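Working notes, structure below.
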Amino acid sequence: MTIRIWEGKSAGAPGPCGAEPGFTRRGFLRGATGAVGGMAALAAALSPLRDLPDDAFPSLEEFLQKHYKEMTPAELADAMERVRAEVEGRYGVVPTVRDYPPIEGVRFAFALNLSRCIGCRKCVHACVEENNLSRSPEVQYIRVLEMPRGTMDLARGDHHYDRAEVPDGGHYYLPVQCHQCANPPCVKVCPVGATWQESDGIVVIDYDWCIGCRYCEAACPYWARRFNFAEPTIPDGGLNPDMGYLSNRPRRRGVVEKCHFCLHRTRRGEMPACLEVCPVGARKFGDVLDPQSEVSQILRTKRVLVLKEEVGTLPRFFYYFDERYPRDAGSPGPGEGGEAGP
Amino acid sequence: MTRHHEHPDPERPASRPAWLVGPAFGLLAVWFVWFAPAPQIPASGSVQIGKAALGPTARATVKADPPITRVGAYEYRCSDCHRLFQNEAEKTVGRVQHTEIVLDHGLNDRCLYCHSQADRDRLVARDGAGLSYAQIPELCARCHGTTYRDWQRGTHGKTLGSWRSASPERRRLTCSECHDPHAPAFAPEAPLPGPHTARMGEPPAGHRPEGGGPPSAPFVGAGGARGSGEGGAGR
């Protein structure tokens with residue numbers, strides 16, 4: 001669609017004004033209306049920029065910051081200092097931001113006892129507190145599925161259960177979070193290399209390198225990744241000042257995040273927050289290369305399963321059972337209650 | 001000027017509606033700036049969970065070895081009273097003391113199945129020597145052998161401190177730190193609130209925060225619809 005102001009030879013005769021040949025009033029009005037309308041539309045399209053907060057634009061240092069893996073130690077120190085200043089400016093809390101490199105000779109794994117989990121969701125909220133997750137819009141790394149007994153069909157799970165008391169006799173509870181797959185589809189699809197797997201098995205994200213395309217979110221078979229659709233909000237006094245550069249430092253709008261096995265805790269030897277809070281001891285964490293670790297013992301002696309084994313992601317998050325279904329002898333055991341599983 | 005003004009130019013058939021583009025853009029701009037609805041990003045009431053509910057502490061307190069009962073300024077051991085009261089009858093009904101204890105331990109329904117009658121500050125063991133209160137797992141192992149084996153391996157129970165198997169900070173909780181020995185099954189408890197994501201197949205009202213408000217109500221801060229009653233707990 002062309003809008004001609006200068007009609008040229010096609011108009012032939014001089015215009016009504018007679019000043020310039022081919023320059024007609026009609027052509028001028030057409031062009032001017034189009035130009036004004038176009039500029040107005042452009043201005044309207046840009047108008048949401050007026051509502052941006054002052055710190056929405058990256059500083060020059062942030063803009064020029066390299067990828068985590070390409071930064072020299074001095075540059076990383078500068079980046080962490082910038083994060084520290086940002087957090088102090090936004091939340092009024094002076095955090096400790098550290099970089100925790102993976103420990104040599106350690107491969108982390110998580111195990112969860114399905115016979116024990118009661119679905120109390122304490123892990124969900126301990127994770128929110130520990131990892132500075134947005135309270136609104138709500139971002140939660142852990143999703144606890146309430147599953148009918150006798151099936152492993154994840155489509156029949158419900159994470160909105162709202163009972164007066166848990167556990168319910170006809171259900172079991174299946175918490176799902178990032179499985180830190182050894183063959184991670186999320187890493188493969190990232191077009192900018194903002195997420196990668198470290199030598200201890202944890203898949204991490206450089207929040208400053210993520211472009212927010214959400215390919216990883218679509219690629220994950222476990223619904224483990226979360227996208228910050230809006231600027232995260234953390235209430236006053238709710239910020240955890242103990243921060244890792246690749247883990248729980250505050251994120252911004254437009255980046256993806258997920259569970260990282262609390263690497264700022266686990267890489268200095270501590271337990272993940274979800275494990276510490278579990279009231280029934282259903283969660284187990286450790287190093288699979290250490291034959292004495294709890295996860296190694298579980299892999300050797302328990303009946304272990306992973307979710308969606310057939311998709312070939314090789315998760316590091318294992319579910320296991322006790323030999324005998326505990327508690328509550330009156331309720332139907334697995335395979336007996338409800339409809340039969342596949 | 002040979003051709004008629006209203007006659008469309010056969011060489012440029014698409015040029016005739018071109019002048020509409022400008023006003024259309026203009027109207028669109030007006031609509032965008034003044035009338036377009038703001039994008040709705042689902043927000044939820046801020047759910048505040050107190051740190052007390054999320055503490056990494058043990059579930060129950062462990063009794064000292066031997067257990068001590070404090071009455072006023074005085075400290076008693078079990079044997080101080082039971083030196084006088086031997087309680088020969090192995091009955092749990094008709095108790096006049098220890099009435100606060102609810103004994104709900106299956107077939108194990110007698111005090112003296114676990115508590116030693118000979119030495120009231122100790123627990124029962126097969127060899128008659130008894131076990132101290134620091135050896136509770138060995139007492140429980142008398143019946144719960146497979147669970148005890150799992151606990152020794154670390155596949156049952158809870159470990160705090162460190163995941164390193166050789167770390168001195170590592171502490172494996174004992175039986176009575178999680179279970180009440182008199183009623184060892186965990187009582188059902190209220191779950192913490194679930195996610196405020198949309199529920200498939202249900203109207204949006206189903207996931208609105210407590211206290212009403214539209215499902216996409218804007219964020220109202222820490223003292224919002226849900227969190228107002230629970231206060232601003234945090235670190």
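All values reported here derive from a predicted model rather than from experimental measurement. Order of the sequence lines sets the chain letters (A, B, ...), proteins ahead of strands, with each chain counted from 1.
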- Query: Under a 4.0 Å N-O cut-off, is there an ion pair linking Asp150(B) with Lys302(A)?
  - Reply: yes
Can you confirm whether [X] sits close enough to [Y] that some side-chain heavy atom of one is under 4.5 Å from a side-chain heavy atom of the other?
X: Pro188(B); Y: Arg163(A); result: no
X: His159(A); Y: Pro195(B); result: yes
X: Trp163(B); Y: Val106(A); result: yes
X: Thr159(B); Y: Lys284(A); result: yes
X: His156(B); Y: Arg116(A); result: yes

- Message: Working to the nearest 0.5 angstrom, can you tell me the gap between His160(A) NE2 and His196(B) NE2?
- Response: 9.0 Å
- Separation of Thr301(A) OG1 from Arg149(B) CZ (nearest 0.5 Å): 7.0 Å
- Is Ser162(B) reaching over with its side chain to a backbone N or O of Glu270(A), donor-acceptor style, under 3.5 angstrom? no
- Message: Under 3.5 Å, is there a donor on one side chain and an acceptor on the other for Thr155(B) and Glu294(A)?
- Response: no
- Query: Looking only at heavy atoms, which two atoms of Gly281(A) and Lys158(B) are closest? And how far apart?
  - Reply: CA-CB, 4.1 Å
- Query: Where is the tightest heavy-atom contact between Ala164(A) and Pro191(B), given as atom of each residue plus distance?
  - Reply: O-CD, 3.9 Å
- Query: chain B heavy atoms under 4.5 Å from Val166(A): which part of the residue, side chain, backbone, both or neither?
  - Reply: both
